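Take a look at the structure set out below.
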Amino acid sequence: AAGGESILLNGHQGRILGMAFVGGERLLSAAADGSVRLWSVPRQEQTAEVRIDSSLQTAGMSRDGTIVAAVSSNGMTTVRVAGDAAGERR
């Protein structure tokens, strides 16, 4: 979003409880609906999704984009993201 314009990324069905930028152009979000989603900000689209059977509090991703750690109400769950190191998959 150049020039400070706003963009809308639709996908979560529950409240978003945690977000973090991964690199300069990707955004990781965790929500009460039990999903962790990876977004391409420049393309304004979801590129990956992982479902956890619990409401999520927050999530983080390794620098190389291959591992997502999500903290849920049941403890911590670690999920390896399939695809290339950039995590660009559907």
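Since the structure is predicted, the reported quantities are computational estimates derived from the model, not experimental observations.
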Any idea which heavy atoms bring [X] and [Y] closest together, and the distance?
X	Y	answer
Gly11	Arg37	O-NH2, 3.1 Å
Ala59	Ala20	O-CB, 4.5 Å
Met61	Leu38	CE-CD2, 4.0 Å
Glu25	Pro42	O-CD, 3.3 Å
Trp39	Ser29	NE1-OG, 2.8 Å

Under a single-linkage definition using a 4.5 Å side-chain heavy-atom cutoff for Ile, Leu, Val, Met, Phe, Trp and Tyr, are Val22 and Leu56 assigned to the same hydrophobic cluster? yes
Give the cluster check for Leu17 versus Val36: same hydrophobic cluster or not, with ILVMFWY residues linked at side-chain heavy-atom distances below 4.5 Å. no
What distance do Asp33 atom CG and Arg15 atom CZ have between them, rounded to the nearest 0.5 Å?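 Separation between the atoms: 11.5 Å.
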How far does CD of Gln46 sit from CG of Leu27, to the nearest 0.5 angstrom? 11.5 Å
Counterpart residues, side chain to side chain donor-acceptor pair (under 3.5 Å), relative to Ser62 (two or more places apart):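 Testing Ser62 for side chain to side chain donor-acceptor pair (under 3.5 Å), a comparison that skips the adjacent residues, returns Asp64.
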